Asks: 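Could you have a look at this structure, given as structure tokens, before my questions?
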Protein chains: 2
Amino acid sequence: MYKTKTISIAFKQHNHNACWGNAMQAAQEYCDKHKLKFTPARRKVLELLLSEHRALGAYKILDLLREAGFKSQPPVAYRALEFLVENGFAHKIERLNAFVACTLHGTEHSPTFMICRQCENVAETYSPASNLNLSESAEASGFKIEQTIIEARGVCNSCAKTEIL
Amino acid sequence: MYKTKTISIAFKQHNHNACWGNAMQAAQEYCDKHKLKFTPARRKVLELLLSEHRALGAYKILDLLREAGFKSQPPVAYRALEFLVENGFAHKIERLNAFVACTLHGTEHSPTFMICRQCENVAETYSPASNLNLSESAEASGFKIEQTIIEARGVCNSCAKTEIL
DNA sequence: TATTATTACGTTATAATATTGCAATAGGAG
DNA sequence: CTCCTATTGCAATATTATAACGTAATAATA
Ligand SMILES: [Zn+2]
Ligand SMILES: [Zn+2]
Ligand SMILES: [Zn+2]
Ligand SMILES: [Zn+2]
């Protein structure tokens with residue numbers, strides 16, 4: 001677990017070990033600063049989500065928590081996930097009923113997810129221009145947008161290569 | 001049911017009776033043309049979805065089917081919904097685990113939904129420009145987008161007026 | 001028409017996802 | 001320490017969705 005091997009995130013090569021460590025450290029610092037309790041269960045769930053750039057379902061997380069010696073009733077996972085999502089450390093991918101660690105924490109952002117339908121890796125990007133367009137058209141009808149989530153489904157580069165044609 | 005009263009769709013005033021009738025007729029014609037079986041359950045579910053511009057959960061639909069004299073085991077609703085979604089007559093709103101009738105049927109479209117968090121009305125619009133931007137940035141990382149869904153959450157005009165401040 | 005294949009339906013059961021309620025406990029503020 | 005609040009432990013339950021399988025209806029073929 002937490003190998004140094006570079007894996008594809010945002011379907012790009014990167015040093016995932018550093019990626020993981022930076023994110024955990026940033027989370028710790030953010031919690032310290034905002035007096036949030038980064039309890040063992042919350043920390044562990046974030047570690048699990050960060051271990052790969054894939055979406056994990058709540059019950060998968062629950063299994064992993066149990067393996068790690070935590071209690072394993074559903075609320076354990078759901079409460080930790082709620083904390084992480086509320087504080088911007090993770091996002092829920094609605095299409096998958098699953099969760100990913102946020103790769104853009106701290107910045108105010110409307111996330112766009114690119115979800116590979118084959119490997120279920122999830123890349124998160126900003127979506128600045130598009131949201132702007134959307135806001136304008138919404139305002140025309142008096143709708144006030146508070147949050148926008150874009151979920152794009154497709155195939156990543158490496159899965160496309162191995163696809164049966 | 002199916003009153004003539006104009007209600008807010010896309011959070012705009014319109015003659016919903018005509019809106020409903022046109023959509024049902026278009027669905028019938030599309031099914032005739034494509035040799036799709038527009039069976040009573042499928043028709044009824046589309047009628048229900050079209051009766052308001054709100055998202056309905058599968059079990060709510062199931063209740064309404066039962067009231068209308070249909071069988072009421074979950075597969076009855078899910079099968080009809082699957083048919084409607086597959087053929088573009090309805091969309092699933094993932095955030096709500098619920099379904100809305102498509103208001104842009106026939107046109108190839110990547111839907112954008114504006115979902116009022118208060119009344120749960122759902123307006124569907126195109127999202128042309130934004131998808132273009134997205135495709136470009138996706139291609140840069142080798143990700144091939146097949147489908148994009150944008151779900152914007154907020155408050156509609158009329159709910160905003162009544163909101164507790 | 002008879003034969004075969006396909007599609008849809010009826011029914012039961014169960015899986016997968018998520019929440020509620022309440023008692024017990026742990027940490028901080030005063 | 002004591003009060004207060006946030007968090008946890010635990011049991012039950014709610015909600016959403018699918019699997020499995022036989023039957024009936026329809027379509028395609030002969
Ligand atoms: Zn990484
Ligand atoms: Zn992939
Ligand atoms: Zn209407
Ligand atoms: Zn509203």
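Fair warning: this is a prediction, and the values are worked out from it, not measured in the lab. Within every chain, numbering begins at 1; the chains are lettered A, B, ... in the order of the sequence lines, protein sequences first and strands thereafter.
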Asks: Establish, yes or no, whether a centroid distance under 6.0 Å links the rings of Phe99(B) and His91(B).
Replies: no
Asks: CZ of Arg95(A) versus P of dT17(C): gap in Å, rounded?
Replies: 15 Å
Asks: Would you please indicate yes or no on a ring centroid separation below 6.0 angstrom for Tyr30(A) and Phe38(A)?
Replies: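 No, the ring centres sit 6.0 Å or more apart.
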Asks: Specify the separation, in whole Å, of atom CG of Leu62(B) and atom P of dC9(C).
Replies: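 My rounded result for the distance is 14 Å.
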Asks: Is Tyr59(B) stacked on the base of dT15(D), meaning ring centres closer than 5.5 Å and planes within 30 degrees of each other?
Replies: no
Asks: Please give, in whole Å, the distance from dA18(C) C1' to Leu96(A) CG?
Replies: 16 Å
Asks: Between atom CZ in Arg66(A) and atom P in dC10(D), what is the gap in whole Å?
Replies: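 Rounded to the whole Å, the gap is 13 Å.
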Asks: Would you mind classifying the nucleic acid contact of Lys92(B) as base, sugar-phosphate or nothing, using non-hydrogen atoms under 4.0 angstrom?
Replies: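 Sugar-phosphate contact only.
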Asks: Counting only heavy atoms and a strict 4.0 angstrom limit, can you tell me which residues of residues 71-82 of chain B come near DNA chain C?
Replies: Lys71(B), Gln73(B), Pro75(B), Arg79(B)
Asks: Mind calculating the distance between CD1 (Ile61(A)) and P (dT17(C)) to the nearest angstrom?
Replies: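 Computing the Ile61(A):CD1 to dT17(C):P distance gives 11 Å.
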Asks: What's the closest nucleotide to the Lys37(B) side chain, out of dA18(C), dA8(C), dA17(D)?
Replies: dA8(C)
Asks: Rounding to a whole Å, what distance do you find between Phe83(B):CZ and dC9(C):P?
Replies: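 Result: 9 Å.
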Asks: Would you say a side-chain N or O of Asn97(A) is under 4.0 Å from OP1 or OP2 of dA18(C)?
Replies: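 For Asn97(A), the contact criterion (side-chain N or O under 4.0 Å from OP1 or OP2 of dA18(C)) is met.
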Asks: Is Lys35(B) touching bases, backbone alone, or none of the nucleic acid, heavy atoms closer than 4.0 Å?
Replies: nothing
Asks: Which of parallel (below 30°), tilted (30 to 60°) and perpendicular (above 60°) describes His16(B) and His14(B)?
Replies: perpendicular
Asks: Find the distance Phe99(A):CZ to dA16(C):C1' and express it as a whole number of Å.
Replies: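 It is 13 Å, rounded to the nearest whole Å.
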Asks: Can Lys44(A) and Glu47(A) be counted as an ion pair, charged N to O under 4.0 angstrom?
Replies: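 Between Glu47(A) and Lys44(A) there is a salt bridge, with a charged N closer than 4.0 Å to a carboxylate O.
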Asks: Ala58(B) has a side chain; which of dA17(D), dT8(D), dA18(C) sits nearest to it?
Replies: dA17(D)
Asks: Answer yes or no: are there more than 12 heavy-atom neighbours, outside Glu146(A) itself, under 6.0 Å from its atom CD?
Replies: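 Atom CD in Glu146(A) is crowded, with more than 12 foreign heavy atoms closer than 6.0 Å.
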Asks: Between Gln73(B) and Arg66(B), is there a side-chain donor-acceptor contact under 3.5 Å, judged purely by atom types and distance?
Replies: no
Asks: Consider only side-chain heavy atoms of I, L, V, M, F, W and Y, link residues closer than 4.5 Å, and tell whether Val155(A) and Phe11(A) are in one cluster.
Replies: no
Asks: I need the NZ-C1' distance between Lys44(A) and dT7(D), as an integer number of Å.
Replies: 20 Å
